[in-house]
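Scroll down for the structure; my scribbles are underneath it.
Throughout, protein chains are lettered first and strands after them, A, B, ... in sequence-line order, and every chain is numbered starting at 1.
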Amino acid sequence: MAETTNSNTETKKANFIHAQIDADLAAGKNDKRVHTRFPPEPNGYLHIGHAKSICLNFGLAQKYGGKTNLRFDDTNPSKEETEYVESIMEDVHWLGFDWEDRLYYASNFFPKLHAFAIQLIKEGKAYVDDQNAETISEQKGTPQKPGIESPFRNRTIEENLDLFERMTAGEFDEGEKVLRAKIDMTSPNMHMRDPIIYRIMKAHHHRTGDKWCVYPMYDFAHGQCDYWEGITHSICTLEFEVHRPLYDWFVDQLMDSDYRPRQIEFSRLNLTYTVMSKRKLLELVKDNHVNGWDDPRMPTISGLRRRGYTPESIRNFSDKIGVTKVDGTTDVSLLEFSVREHLNKTAQRVMGVLDPLKVVITNYPEDQEEMLSAVNNPEDENMGRRDVPFSREVYIERNDFMENPPRKFFRLGPDREVRLRYGYLIKCNEVIKDEEGNVTELHCTYDSESKGGKSSDGRKVKGVVHWVSAKHAVKAEVRLYDRLFTDEEPDGHKDVDFKAFMNPDSLKVLNECYIEPFVKNSKPLDHFQFERLGYFNMDPDSTADNPVFNRTVALRDSWAKAQKK
RNA sequence: UGACCUGUGGUGUAAUUGGCAACACGUCUGAUUCUGGUUCAGAAGAGUCUAGGUUCGAGCCCUAGCAGGUCAACCA
């Protein structure tokens, strides 16, 4: 894993964040430290978009020999839960990153934040407002129209101190009072128009319990936490760009040395056909459209993990997409390429038949069987070979046979010959059907001289087909997970009724599947390439008696593509 | 009618102090192949949002536009 990570950082090209850091370093800022943080709110599971941020923050620290903190931004107790905290830590570790002993919670800073609020009141830079949300909102104006000042704006420091103390003590109900910073109601930046910094919430916090009934707002917490943690580069997404002046304003009030954190924004990841909004993902989970946050159809990190994506492939993907401030949409095919690229080199090849059609080799002795030697990975000789049992009856893929094959179909048909991979040439002599005309069985003969790649007379066949010995095969369950959304849902952030676009075929469970017998010895989560079918992994829930495979991603299939045209 | 941000092949990104627009995905050819995969070789596709300007020379600098995004939660 370390090797992969190194090669990534070496090939990584410079971007605007590197340029900023280089400039800061050259100017000798912050004792030439680089210290980043990944600051999720524990209100849901991490998704592929967060992976970009994780790779960025930890990657930057790696590159510059700095450190990265994990910080839970838990300033809103009504949405946050311990379950999310745990899943987030697991996902970050799984991706291959480690915050070591630098685990923080914004809630750890509640006492300091509270004291800082009191400091601002004493300096005449904050006041308690008695008005309700609607009134405050009205007075705020609009982006085009300046706001007007609250009638409570000029209370005395003593009165503010007393009121805030009583807010803290729980004397008032939610919504009755808020603490606001006194900045500028006419600022062209809405966030500078006396932003609310503390609100009353009588909610149970997942870490501080019922200790507090006032909680700081994001803007009042984030920069300060950065400051107290010694963060030098606070990297966040584009929508926080307009918050930066406020971020800086609070840091200005706090600074007592030359050290100061800097907020840098980059564009979040958008993926075609992929819903990336936590709110919508939560809805899918809550309404049972999927089986939890780690449902393999979900774009969550845990979903991708169950689906069979590897951490390396996600890190490589993150590398490939780069970092900019351009608000674009990356094609999922790049993500899928990243897994194929990795799995093709590492996954063991295996034969499995998802939609079986029985083939009887009529000239093969009834009670005979033999072992055929198969390559585990043509890309890597070190992975060795394995023996695959062969006998008189085998299963082949139903769509590897066509009764009336079109031109350019290389596989089996009446009187046609194909090779059973690693085995013999077989020729189809007879097609057996049921009353309704469905093909139920093929009778073939094999060329006993054709083992090992050659035929007795040097004839060659174009088609090679995967198979499994009926007698020895392991019956398996295979789940073909597809993207959750169809072609009609191109953008994860558009506010559309996304459920209307849900692909009913996004999950197909195939029960009559047969896998070559090796699976009994395999470990859960191993990755395999089923010949021509795609990359699979063993589902964590499966057992040796009941092997369940999830398809990570399909193989590229130019025959299927040609068929569609 | 405001403030801030962003415009480079279909997509995502590059382009040292201005110097022939590069890479990856995708697409399309051809070769190889015990799987139509993989691998290898090659091709098409942008003249950099527009219009001016500076310059021997502009994707990079200047001016004016145009287009898209973000901001009006007691969310983050």
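- Spacing between B:U6 and B:A15 at atom P, rounded to whole Å, works out to 15 Å.
- When the P atom of B:C71 is taken as reference, atom OH of A:Y247 falls 20 Å away, rounded to whole Å.
- A:W467 has its ring centre no less than 6.0 Å from the ring centre of A:Y395.
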CA sep, side-chain torsions, deciding dist, call: A:E174, A:R199, salt bridge (Lys or Arg N to Asp or Glu O under 4.0 Å): CA-CA 8 Å; A:E174 286 188 14; A:R199 78 288 210 185; over 6 Å; no
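- Here A:F110 and A:Y215 bring their ring centres to under 6.0 angstrom of each other.
- For A:K320, counting side-chain heavy atoms from C-beta on, the closest listed nucleotide (B:U6, B:G26, B:A24) is B:A24.
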For RNA chain B, the dot-bracket pattern of Watson-Crick and G-U pairs whose distances stay under 3.5 Å, | for other-strand partners: .((((((..((((.....[..)))).(((((.......))))).....(((((..]....))))))))))).....
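- Across the P atoms, B:C71 and B:U55 are found 43 Å apart, a figure rounded to whole Å.
- Between A:T330 and the phosphate of B:U11, there is no side-chain N or O to OP1/OP2 separation shorter than 4.0 Å.
- Side chain of A:M217, nearest nucleotide from B:A76, B:G37, B:G2: B:A76.
- Side-chain proximity of A:Y422 to B:C34, B:G26, B:A76: nearest is B:C34.
- At a threshold of 4.0 angstrom between heavy atoms, the contacts of A:R556 are confined to the sugar-phosphate backbone, with no base atom among them.
- Between the C1' atoms of B:A22 and B:U48, the separation comes to 13 Å (whole Å).
- Only the C1' atoms considered, B:C66 is 10 Å distant from B:A51, to the nearest whole Å.
- Nearest to the side chain of A:V242, among B:A76, B:C74, B:U70, sits B:U70.
- A:L238 comes within 4.0 angstrom of no nucleic acid atom, judged by non-hydrogen atoms across all strands.
- Between A:S137 and B:A73, a side-chain N or O to OP1/OP2 separation shorter than 4.0 Å is present.
- Listed pair A:K561 / B:U27 meets the phosphate criterion, a side-chain N or O lying under 4.0 Å from OP1 or OP2.
- With ring centers used as reference points, A:W559 lies 6.0 Å or more from A:F410.
- Counting non-hydrogen atoms under 4.0 angstrom, A:Q131 reaches a base of the nucleic acid.
- When each of A:K52 and A:R199 is assigned the nucleotide of RNA chain B bearing its nearest heavy atom, the one mapping closer to the 5' terminus is A:K52.
- Distance from the side chain of A:D557 is smallest for B:G36 among the nucleotides B:U1, B:G69, B:G36.
- Going from the P atom of B:C62 to that of B:C25 covers 36 Å, rounded to whole Å.
- B:G65 shows a glycosidic angle more than 90° from 0 and is accordingly assigned anti.
- Taking a cutoff of 4.0 Å between a charged side-chain nitrogen and a carboxylate oxygen, A:K79 and A:E41 do not qualify as a salt bridge.
- Of the P atoms belonging to B:C60 and B:G52, the separation is 14 Å, rounded to the nearest Å.
- Here A:T142 lies in heavy-atom contact (under 4.0 Å) with a base.
- Nucleic acid contact for A:F240: base, since at least one base atom lies under 4.0 Å from a heavy atom of the residue.
- Residue contacts shown for A:E241 are limited to sugar-phosphate atoms, with no base heavy atom under 4.0 Å away.
- Ring centers of A:Y218 and A:H222: under 6.0 Å apart, within the cut-off.
- At the heavy-atom level, A:F410 lies under 4.0 Å from base atoms of the strands shown.
- A donor-acceptor pair under 3.5 Å is absent between the side-chain atoms of A:R207 and the main chain of A:Y105, judged by distance alone.
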Criterion salt bridge (Lys or Arg N to Asp or Glu O under 4.0 Å) on A:E370 and A:K451, from CA distance to verdict: CA-CA 12 Å; A:E370 63 185 296; A:K451 189 171 161 183; 3.0 Å; yes
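- For A:F518 and A:F528, the distance between ring centers is under 6.0 angstrom.
- With C1' as the reference atom, B:A58 and B:C49 are 16 Å apart, rounded to whole Å.
- Counting non-hydrogen atoms under 4.0 angstrom, A:V323 reaches the backbone sugars and phosphates but no base.
- Residues A:R349 and A:G328 each lie close to RNA chain B; by heavy-atom proximity, the contact nearer the 5' end of the strand is made by A:G328.
- The residue A:E336 sits apart from the nucleic acid: no heavy atom pair falls under 4.0 Å.
- Across every non-hydrogen atom of A:H191 and A:D219, the tightest pair is ND1-OD2, 4.4 Å.
- A salt bridge links A:R153 to A:D194: at least one charged side-chain nitrogen sits closer than 4.0 Å to a carboxylate oxygen.
- Using a cut-off of 4.0 Å between Lys/Arg side-chain N and Asp/Glu carboxylate O, A:R71 and A:D226 are scored as salt-bridged.
- For A:E341 and A:K320, the salt-bridge test passes: some basic side-chain N is under 4.0 Å from an acidic carboxylate O.
- When distances run from any side-chain atom of A:F409 to the nucleotides B:A24, B:G36, B:U13, the shortest one goes to B:G36.
- Across all strands, A:H222 comes closer than 4.0 Å to no nucleic acid atom at all (heavy-atom distances).
- If you check B:C75, B:U13, B:C74 against the side chain of A:I136, the one that comes closest is B:C74.
- Heavy atoms of A:K408 sit under 4.0 angstrom from at least one base atom.
- Comparing atom distances between the A:E239 side chain and each of B:G26, B:C5, B:A76 picks out B:A76 as nearest.
- For A:S558 and B:G37, the shortest distance from a side-chain N or O to OP1 or OP2 is below 4.0 Å.
- As judged by a 4.0 angstrom heavy-atom cut-off over every strand, A:D219 is placed among residues making no nucleic acid contact.
- For the contact set between residues 41-51 of chain A and RNA chain B, defined by any heavy atom under 4.0 Å, the members are A:E41.
- Among the nucleotides B:U1, B:U38, B:C5, the one closest to the side chain of A:K325 is B:C5.
- Comparing the P positions of B:U11 and B:G7 gives an interatomic distance of 15 Å, to the nearest angstrom.
- Note on A:D331: only backbone sugar-phosphate atoms sit closer than 4.0 angstrom, heavy atoms only; bases stay farther off.
- If you check distances only, the side chain of A:R411 does reach the base of B:G36 with a donor-acceptor pair under 3.5 Å.
- Phosphate contact (OP1/OP2 of B:A76, side-chain N/O of A:T75, threshold under 4.0 Å): present.
- In this structure, A:F116 has its ring center under 6.0 Å from that of A:F220.
- In this structure, A:E149 contributes its side chain and A:M185 its backbone to no donor-acceptor pair below 3.5 Å.
- The side chain of A:H243 sits closest to B:A76 out of B:A76, B:A24, B:G7.
- Only A:V178, A:P188, listed by number, bring a heavy atom of residues 178-188 of chain A to less than 4.0 angstrom from any atom of RNA chain B.
- Between the side chain of A:H191 and the base of B:A3 there is no donor-acceptor pair of N/O atoms closer than 3.5 Å.
- Not a single donor-acceptor pair under 3.5 Å links the side chain of A:E176 to the backbone N or O of A:N132.
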